[in-house]
Number of protein chains: 2
Amino acid sequence: MVSKAFKPVPASEIPDEISGLRMTRQRQHIYRILLQHRDHPTANDVFMRIKDTLPNLSLATVYTCLDAMVKHGIIRQVNFDRGPSRFCPNLAEHGHFHDVTTGIIHDVQFRPGIHLADVLDLPPGAIIKNVEFTLRGQLS
Amino acid sequence: MVSKAFKPVPASEIPDEISGLRMTRQRQHIYRILLQHRDHPTANDVFMRIKDTLPNLSLATVYTCLDAMVKHGIIRQVNFDRGPSRFCPNLAEHGHFHDVTTGIIHDVQFRPGIHLADVLDLPPGAIIKNVEFTLRGQLS
DNA sequence: GCCGATATCAAGAATTATTCCAGTTATCGC
DNA sequence: GCGATAACTGGAATAATTCTTGATATCGGC
């Protein structure tokens with residue numbers, strides 16, 4: 001179960017290393033921003049939010065830090081259509097419900113015990129490494 | 001049930017209008033290419049394949065024709081990660097299995113009677129308009 | 001604590017997919 | 001056939017992201 005309480009995360013609580021990736025000051029700040037405000041920000045959103053605390057961090061560095069964390073499995077990169085990539089620290093298998101009226105993106109999980117592969121007609125012999133799904137709609 | 005036989009489609013078999021969209025010569029050619037070779041080509045792939053028959057069709061026109069057909073529900077636009085959009089004439093509700101070793105994309109459908117919304121923990125009151133899913137893996 | 005090796009970061013240029021724009025051409029209804 | 005409208009073309013523009021090059025920071029061994 002993923003907690004809904006996204007309380008502030010002091011820098012001190014983020015370790016020096018996660019999954020073999022050295023968590024530099026820049027990466028710690030970026031990661032903290034993702035943890036604190038889980039609204040699936042884009043790289044540019046992160047860049048804007050971090051400006052006050054790290055004024056001379058470049059957008060390119062935000063991109064490379066995010067990419068490094070994605071490659072090390074610390075965060076996930078989420079793409080909607082052709083829009084800019086968004087980033088999220090929820091590592092549980094989940095998809096996204098995109099509310100088209102508010103623009104808010106909600107994490108969505110499978111009901112307990114259910115896996116997408118179980119309900120699909122897959123090609124014979126298919127080995128699934130990774131699943132992504134997106135729903136679009138609205139909350140009544 | 002969607003046929004697996006993708007036989008050649010003569011230009012004459014594509015009507016002058018589909019779903020209220022005037023099927024011009026360019027659109028007919030583009031649509032035929034999608035019907036004949038269902039490998040989820042990008043706009044540029046379509047552009048390359050059409051060059052022999054319509055040598056002075058511009059890439060911009062390929063984009064606008066594909067877009068018009070997507071807007072009229074004649075074809076579907078599919079996005080994988082941040083790669084270029086791909087297009088497919090299969091209108092049945094389906095997702096995609098991306099074989100990472102061959103690069104081939106297979107259409108995948110739900111088992112009869114199953115809908116993604118039934119197996120998910122959705123936010124209360126969610127009205128789903130559209131579903132997309134992608135699996136990545138390989139065929140053993 | 002100092003030093004070389006390595007990893008990380010910054011800033012701007014380059015790339016890729018896509019869209020826009022302005023002018024031309026084709027098609028439709030009369 | 002004629003004017004109105006829609007479609008098409010080719011080149012320029014845009015947005016997100018990646019690349020490149022040089023500068024900085026960090027680590028392990030002494």
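Each chain gets a letter, A, B and so on, in the order its sequence line appears, and its residues count up from 1.
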Partner residues of A:His94 under the ring pair (Phe, Tyr, Trp, His ring centres under 6.0 Å) criterion, sequence neighbours left out = A:His96
message = Taking the ring of A:Phe87 and the ring of A:His40, is the distance between their centroids below 6.0 Å?
response = no
C:dT19 OP1/OP2 closer than 4.0 Å to side-chain N/O of B:Tyr63 = no
key: Residues which pass ring pair (Phe, Tyr, Trp, His ring centres under 6.0 Å) with A:Phe97, listed by chain and number, not counting sequence neighbours   = A:His106
request  = For B:Thr42, enumerate each residue passing the side-chain contact (heavy atoms from CB on, under 4.5 Å) test, keeping only those at least two apart in sequence or located in another chain.
outcome  = B:Asn44, B:Asp45, B:Pro84, B:Arg86
inquiry  = Rounding to an integer number of Å, can you tell me how far B:Met23 CE sits from C:dT27 C1'?
reply    = 16 Å
query = What string of B, S and - do you get for nucleotides 9-16 of chain C 5' to 3' if you count protein non-hydrogen atoms under 4.0 Å?
reply = SBBB----
Got a list of side-chain donor-acceptor pairs under 3.5 Å for residues 114-129 of chain B, not counting sequence neighbours?
residue  : atom : partner  : partner atom : Å
B:Asp118 : OD2  : B:His115 : N            : 3.3
B:Lys129 : NZ   : A:Gln138 : OE1          : 2.8

inquiry  = Checking the side chain of B:Arg38 only, and the main-chain atoms of B:Leu35 only, is there a donor and an acceptor separated by less than 3.5 Å?
reply    = yes
task = Please name the pair of heavy atoms, one in B:Arg82 and one in A:Ser85, separated by the smallest distance, quoted to 0.1 Å.
result = CD-OG, 3.2 Å
Axis bend over the full length of the helix from C:dG1-D:dC30 to C:dC30-D:dG1, computed from five pairs that close each end, to 10 degrees = 40°
query = Can B:Ser58 and B:Thr61 be counted as having a side-chain donor-acceptor contact under 3.5 angstrom?
reply = yes
task = Give every residue pair that meets the ring-ring contact (aromatic ring centres under 6.0 Å, His included) criterion with at least one member in residues 41-72 of chain B, sequence neighbours excluded.
result = none
request  = Check every nucleotide of DNA chain D for an atom under 4.0 Å from a heavy-atom of chain B, then give the first and the last such nucleotide from 5' to 3'.
outcome  = D:dA7 to D:dT17
query = Is A:Ser85 touching bases, backbone alone, or none of the nucleic acid, heavy atoms closer than 4.0 Å?
reply = sugar-phosphate
request  = Go through the structure and list residues passing side-chain contact (heavy atoms from CB on, under 4.5 Å) with B:Asp67, not counting sequence neighbours.
outcome  = B:Lys71
query = Salt bridge between A:Arg136 and A:Asp81, side-chain N to carboxylate O under 4.0 Å?
reply = yes
query = Residues from residues 66-79 of chain A sitting under 4.0 Å of DNA chain C, heavy atoms only?
reply = none
In residues 20-27 of chain A, what donor-acceptor pairs under 3.5 Å come from side-chain atoms, sequence neighbours left out?
residue : atom : partner : partner atom : Å
A:Thr24 : OG1  : A:Arg27 : N            : 3.3
A:Arg27 : NH1  : A:Arg22 : O            : 2.8

Within residues 121-140 of chain A or reaching into it, pairs that qualify as ring-ring contact (aromatic ring centres under 6.0 Å, His included) - sequence neighbours excluded = A:Phe110-A:Phe133
